[in-house]
Each structure stands twice: as structure tokens, then as C-alpha cells.
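Every number for a ligand or one of its atoms is a count from 1 in the order of the listing. Values in this document were obtained by computation on a predicted structure and should not be read as measured data.
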Amino acid sequence: MIARNLADLGVDVIEAGFPASSEGEFIATKKIFEEVGDQVEVIGLSRSNKNDIDKTISTGISSIHLFIATSELHMKYKLKMTKEEVLNKIYESVKYAKDHGMIVEFSPEDATRTEEDFLFTAIRTAIEAGAERINIPDTVGTMHPFKYYDMIKKIVNFVGERIIVSVHCHNDFGLATANSLAGVYAGARQAHVTVNGIGERAGNASLEEVVMGIKKLLNYETNVKTWKLYEVSRFVAEMTGIPVPYFKAIVGDNAFGHESGIHVHGVIENPFTYEPISPEEVGNFRRLALGKHSGIHGLRKLLEEQGIYLSEDKLKIVLAEIKKLAESGNKVTVEDAKNIALKLMNS
Ligand SMILES: CC(=O)SCCNC(=O)CCNC(=O)[C@H](O)C(C)(C)COP(=O)(O)OP(=O)(O)OC[C@H]1O[C@@H](n2cnc3c(N)ncnc32)[C@H](O)[C@@H]1OP(=O)(O)O
Ligand SMILES: CC(C)C(=O)C(=O)O
């Protein structure tokens, strides 16, 4: 169901799973391909070994994302391989997948902590073996946008126009979206993202933020139907049981929420004053709230929507009551405002 939502949303590629990791992932990848493979490219993640590649191929999909770590840290402690062994694995696995007719995306895992010369050698090896896409993972989110921009720019120049460079950013320092945008600005033409930013540790770059950043901040195009973003985000939250944070950009409940009087006044006059994106553009909703920060303009609007028209003096009295209520620790609703106003009108 999530895959169908993503296909309808207009994403270019769905990384459906890691077929060699379990029977469930194998079946899911196969099923997702059968369901939406005619609408969107479906790709499977795989270690750089024959067993994983064979398993991925046997799902029926035709794109594979091969990875192997290239940083000293990962090679020494995790893979227990030398540089030469890793380069051999890259060449052999990419070549093997290509010989089986796969589209190959290759990731030097922990790329951003990899010694530069070796990273370029690994990338060249993957391309020589036939990889069409090179993804540069910031595996533990240790990049900042200025550094990642320089790195991606260099790689884009190195690989030339024929190869698509992709970015994959983790959010350990809260910079996954910023780094993804820096990478795209530097010439990457694919970004790995997840709905609501879900992922290991602090998560991955969020689809909603990266798509809207590309559209509104970089002024580039994507194929994503942005007005479906909120709906897809909520669907994934419901299916996974992982709620969307209240203050989450684009899809959070407060992403278009305004309480402060000055802001509400601005938004009433022209929403662009305090909304850099309109809620409709992403399928979210504007929410005007009442509280200790409220002002007359916002209160008047909310009451008039309830059919209550008060003089400026009366509005001031209602506003004072609302502030008092909020400052005593209560959440103030439109219903509260309405009751206060009606009481005043009847007194
Ligand atoms: C940064 C990333 O996101 S990487 C992808 C993360 N995703 C996953 O791990 C998918 C879910 N994983 C799993 O289901 C399991 O870990 C499996 C099926 C992949 C492997 O399970 P196991 O065989 O039990 O091994 P385990 O996970 O404990 O260790 C990983 C093994 O893969 C090796 N390995 C790790 N990455 C790679 C790679 N890219 N290419 C080849 N071998 C690799 C490790 O060196 C280790 O090898 P060893 O068993 O010879 O010591
Ligand atoms: C497999 C790779 C792309 C990965 O997930 C990472 O390095 O974070």
C-alpha cells in the first residue's frame, strides 16, 4: 500500500527492500515490483557478494543497489578487508550484476569518512565495471552542507555527464535535508529520502523536506505531486505506528499553525507574510490557534467565522479573558472564545 502511494506521489525510484535479508523482504520486494514496477523503477539493496545479488535478481527486479564500505574504520573493523580486497569486491559484484542485465547503482558506504584518493579509486572501479549511478552516503551524518557541496561537486566533475550522482544523508546532526540540498545544488541528480525521515538512529533525509527544498529553495523540478505529501506522510505514520512530530516541517500539524497575534494578522492580510509555502501546495492545513500570544485581528476573524461580530472594545475584553485563561495553563479553543464572547454579549 505504501509503494502504491509512493508511485502515485510520483517518486522516480522505490528502494523496496534488501531481498537477501529475510524471506519477508524478498517477498515484499517482488510484490512491490509486480504492483508498481510499470509506474516506477524498483530497486533492491544488496551487499557486494554473489549470494545477495542472486537473491535480488531472483525477485524479478532489474535494478540493484550494491554497496560496500570504503572508510578505513569500516574496512578494518567491520569488513576485515584490505583496500585491494574491497576494490576487487566492487569490480566483481558490479560486473556480475551487469552481466545479469541489471541497472547498477553503487554506494561506497561511509563515503564521507573515506580517504579521498581511495574514494575516487572506488568510484572509478565501480564505473569501469559498469555502474550507471554512484550514490555518496553520508552514513553517519557527519557532513555539513559546505563540505558536502564541495565533495559532490568534485565527484560530479570526476564521473562526467553519463553517470548520475546521488546523495544519501543521515540526520545525526540534524543536517540531512540541508546536506541533501547542498548535494543537489552541487550537481547530484538523485536524492535518497524516506517518508517522514524515518530511518536508523536520527533518521534519513525526509522526502517532504527535500522535495520542497528542491522546488522552493533551489527552483529545480521533481516529478513529485507535492499536494499529496501530507496524505502520504500520514498514511506512512499510520502504517508504521511512528507519529509525525508536531513541529515537523511541511507535514507536521503545526507546520502551518499560527498563534502569535502579529503572525496571525500578517497571514490574514497575506499568507505569504508568515508562510513561505502555502499549505495547499503540500496538502497540509492552516491552523489558527488562540492563546496567550493572540491578538485582536486573529480573534476577530475566528469569532466572525462563528458568526459573532463584536466591537473593538468588546473584542479587547474577550482577548484579555483568553490571555488570562491561557496563562493559567489552559489550552484555549475557539469554543472557549465563543463562550466568553456570548457571555459578554448577554451580560
Ligand atoms: C549503512 C547501511 O544502511 S547498510 C544496510 C543495512 N541494512 C541491513 O543490514 C539489512 C538487514 N540486515 C540483515 O538482515 C542481516 O544483517 C544480513 C542478512 C544482511 C546479514 O546477516 P548475517 O549474515 O547474520 O551477518 P551480520 O549482519 O551479523 O554481519 C554482517 C556481515 O556482512 C558483511 N558485510 C557488511 N557489509 C557488506 C558488504 N557491503 N558487502 C559484503 N559483505 C558485507 C560483514 O562483514 C559481516 O560479515 P561476516 O558475517 O563474514 O562477519
Ligand atoms: C547502503 C548505504 C547507501 C547506506 O544506507 C548508508 O551508507 O547509509
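Looking only at protein heavy atoms, the nearest one to atom 10 (C) of ligand 1 is Phe18 CD1, 3.3 Å. Atom 1 (C) of ligand 2 has Phe67 CG, 3.8 Å as its closest protein atom, hydrogens excluded (heavy atom only). Among protein heavy atoms, the minimum distance from atom 44 (C) of ligand 1 is reached at Lys78 O, 4.3 Å. Scanning the protein heavy atoms around atom 7 (O) of ligand 2, the nearest turns out to be Thr139 OG1, 2.6 Å.
By the 4.0 Å N-to-carboxylate-O rule, Arg300 lies close enough to Glu312 to be salt-bridged with it. Under 4.0 Å is where a charged nitrogen must lie from a carboxylate oxygen, and between Arg234 and Glu238 no such pair does. Comment: Lys324 engages Glu321 in a salt bridge, judged by a side-chain N to carboxylate O separation of less than 4.0 angstrom. A salt bridge links Glu132 with Lys98: at least one charged nitrogen is closer than 4.0 Å to a carboxylate oxygen. Ion pair Lys292/Glu259 not flagged as a salt bridge, since none of the NZ, NE, NH1 or NH2 atoms sits closer than 4.0 Å to an Asp/Glu carboxylate oxygen. Under a 4.0 Å N-O distance rule, the pair Glu85/Lys89 does not qualify as a salt bridge.
For atom 46 (C) of ligand 1, no protein heavy-atom neighbour is present inside the 4.0 Å cut-off. Put simply, atom 50 (O) of ligand 1 has no protein non-hydrogen atoms near it, under 4.0 Å away. There is no protein heavy atom less than 4.0 angstrom from atom 24 (O) of ligand 1. Within a 4.0 Å radius of atom 6 (C) of ligand 1, the protein has no heavy atom. Counting only heavy atoms, the protein gets under 4.0 Å from atom 40 (N) of ligand 1. By the definition of a contact as any protein heavy atom under 4.0 Å away, atom 14 (O) of ligand 1 is in contact. In this structure, atom 29 (O) of ligand 1 has its sub-4.0 angstrom surroundings free of protein heavy atoms.
Closest heavy-atom approach to atom 31 (C) of ligand 1 among the candidates Arg47, Glu200, His170: Arg47. The heavy atom nearest to atom 6 (C) of ligand 2, considering only His74, His192, His168, is found in His168. For atom 18 (C) of ligand 1, the candidate residues are Ala69, Ser21, Ser93; the nearest heavy-atom contact is made by Ser21.
Taking only nitrogen or oxygen atoms, main chain and side chain alike, Glu109 does not reach within less than 3.5 Å of ligand 1. Considering backbone and side-chain atoms together, His170 places an N or O closer than 3.5 Å to an N or O of ligand 2. Ligand 1 has a nitrogen or oxygen under 3.5 angstrom from a nitrogen or oxygen of Ser48.
Between His192 and His65, a ring centre-to-centre spacing shorter than 6.0 Å is recorded.
If you number the atoms of ligand 2 from 1 as listed, the ones under 4.0 Å from a heavy atom of Ser107 come out as 3 (C). Per-residue contacts place Asn135 under 4.0 angstrom from the following atoms of ligand 2 (heavy atoms of the residue considered): 3 (C). Shown in contact with Glu109 at under 4.0 Å from a heavy atom are these atoms of ligand 2, numbered in order with element: 7 (O). Here is the list of ligand 1 atoms found below 4.0 Å of a heavy atom in Leu79: 34 (N), 35 (C), 36 (N), 37 (C), 43 (C), 45 (O). Using a 4.0 Å cut-off to heavy atoms of His65, the atoms of ligand 2 that qualify are 3 (C).
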Check against salt bridge (Lys or Arg N to Asp or Glu O under 4.0 Å), Lys95 and Asp99: CA-CA 6 Å; Lys95 179 88 175 41; Asp99 288 347; 3.1 Å; yes
I'd like to know whether Arg133 forms a salt bridge (Lys or Arg N to Asp or Glu O under 4.0 Å) with Glu41, so could you lay out the CA-CA distance, the side-chain angles of the two residues, the decisive distance to 0.1 Å, and finally the verdict. CA-CA 13 Å; Arg133 297 203 289 259; Glu41 181 183 339; 2.8 Å; yes
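By the criterion of a heavy-atom distance under 4.0 Å, both the backbone and the side chain of Phe67 are placed next to ligand 1. Contacts between Asp138 and ligand 2, counted as non-hydrogen atom pairs separated by less than 4.0 Å, are absent for every part of the residue.
Residues Phe106 and Ile123 have side chains not in contact (no heavy-atom distance under 4.5 Å, counting atoms from C-beta outward). Here the side chains of Ile53 and Ser93 are in contact, with some heavy-atom distance below 4.5 Å.
Stacking of Arg4 on the aromatic ring of Phe235 is not recorded, the 6.0 Å distance cut-off and the 45° axial limit not both being met.
Contact annotation: Glu200 has no heavy atom less than 4.0 Å from any atom of ligand 2.
Using bins of under 30°, 30° to 60° and over 60° for the plane-to-plane angle, the ring pair Phe67/Phe18 lands in the perpendicular bin.
For CG of Leu217, the number of neighbouring non-hydrogen atoms (other residues, nucleotides, ligands) closer than 6.0 Å is greater than 12.
Neither side chain, Thr121 nor Lys83, offers a donor N or O lying under 3.5 Å from an acceptor on the other.
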